[in-house]
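Let me begin by presenting the structure, written as structure tokens, before commenting on it.
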Amino acid sequence: MELLDGKKVSQEIIEELRLEILQRISEHKKIPHLAAVLVGHDGGSETYVASKVKHCEKIGFKSTLIRFEDSVSEEILLKEVQRLNEDDDVDGILVQLPIPKHIDVEKITEAISPVKDVDGFHPVNIGRMVKGLPAHVAATPYGIWLMLQRYKINTAGMHCVVIGRSDIVGKPISLLMAQNTQPGNATVTICHSRTKDLKAMTLQADILIAALGKAEFVKADMVKDGAIVIDVGITRLPDATKKSGYKIVGDVAFNEVAPKCCYITPVPGGVGLMTIASLMMNTMNACKMRTGN
Ligand code: GUN
């Protein structure tokens with residue numbers, strides 16, 4: 001069993017981007033600028049956005065954090081997105097989710113200019129990705145794809161079983177794994193809450209991607225010997241032995257599943273860190289697309 005080490009790979013990508021920025025500075029090229037919009041004070045969102053801003057600083061990107069209270073109106077948020085669309089210095093825009101229920105998340109998503117949509121949530125980017133055209137791909141599926149690429153795992157002809165059909169992970173990673181690229185060229189099965197015999201499906205998986213959001217759901221008896229297991233879950237469970245009062249677990253029961261695997265991603269230290277690295281790559285790409293170099 002070998003760990004797919006998200007910490008190591010994401011650090012490599014961050015370092016490559018940092019060196020690319022030094023090169024861009026010496027060539028007087030534009031420095032990428034990411035604008036993050038945070039609504040309210042959700043603990044998880046605060047942590048994620050702070051980490052995104054910190055990584056921008058580490059690489060040498062410009063970043064701007066724009067905060068609103070929970071009570072902000074849809075109209076004001078739309079106006080802010082429009083202002084960021086029109087700000088020529090801003091290359092990437094993200095609105096951290098979730099946002100309060102009184103705001104239509106689809107309206108906000110579709111208001112972001114597709115070229116600046118570094119989250120890859122805009123229907124134009126999703127459509128372009130489906131067609132295999134250049135697009136911003138959502139950070140989590142792109143991070144999984146990059147991880148498989150960096151470990152040089154030849155996925156052609158493998159059976160990839162994805163548990164979960166979310167717009168953010170399940171659907172896009174299924175398409176990426178099926179497309180004619182390396183990684184890719186896998187035969188993909190998408191499983192979800194209505195799948196009849198889930199275990200019969202997961203036992204056929206050469207690559208099993210767990211993205212259902214249920215702590216330690218995938219047990220050893222659901223995994224084929226020698227499988228590659230990618231764990232997308234992040235759940236905080238109470239743990240009195242930890243200083244923070246909680247521990248972070250994935251959708252896979254790591255201790256019992258890991259011995260059966262050829263490769264497995266740990267949680268934390270797996271897919272989560274890759275997500276930030278791919279957001280940073282999308283931001284660099286947005287800048288290059290906008291400036292033509
Ligand atoms: N909330 C959880 N994941 C994400 C993400 O990838 N992007 C944004 N904007 N919000 C999120």
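Order of listing sets the numbers, starting from 1, for every ligand and every atom in it. Since this is a predicted model, take the numbers as computed values, not measurements. In what follows, every heavy atom counts, from backbone to side chain, and hydrogens, waters and symmetry copies are set aside. Residue indices begin at 1 and follow the sequence shown.
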(message) Quick test: of every protein heavy atom, which one is nearest to atom 10 (N) of ligand 1, and how far off is it to 0.1 Å?
(response) Leu97 N, 3.0 Å
(message) Using heavy-atom distances only, which candidate in Asp119, Ile93, Leu279 approaches atom 6 (O) of ligand 1 most closely?
(response) Asp119
(request) Looking only at protein heavy atoms, identify the closest one to atom 11 (C) of ligand 1 and say how far it is in Å. (result) Gln96 NE2, 3.3 Å
(message) Regarding Arg290 and Asp88, does a basic nitrogen lie under 4.0 Å from an acidic carboxylate oxygen?
(response) yes
(message) I'd like to know if Glu57 and Lys54 make a salt bridge, using a cut-off of under 4.0 Å between side-chain N and carboxylate O.
(response) no
(message) Ring of Phe68, cation from Lys79 - is the NZ or CZ under 6.0 Å from the centre and inside 45° of the axis?
(response) no
(request) Flag the pair Met289 / Pro134 as yes when at least one side-chain heavy-atom distance between them is below 4.5 Å, and no otherwise. (result) no
(message) Under 4.0 Å, heavy-atom basis, I'd like to know which part of Val95 is in contact with ligand 1: side chain, backbone, both or neither.
(response) backbone
(request) Say whether Phe121 and ligand 1 are in contact under the criterion: heavy-atom distance to a ligand atom below 4.0 Å. (result) yes
(message) Using side-chain heavy atoms (C-beta onward) and a distance below 4.5 Å, is Lys171 in contact with Ile126?
(response) no
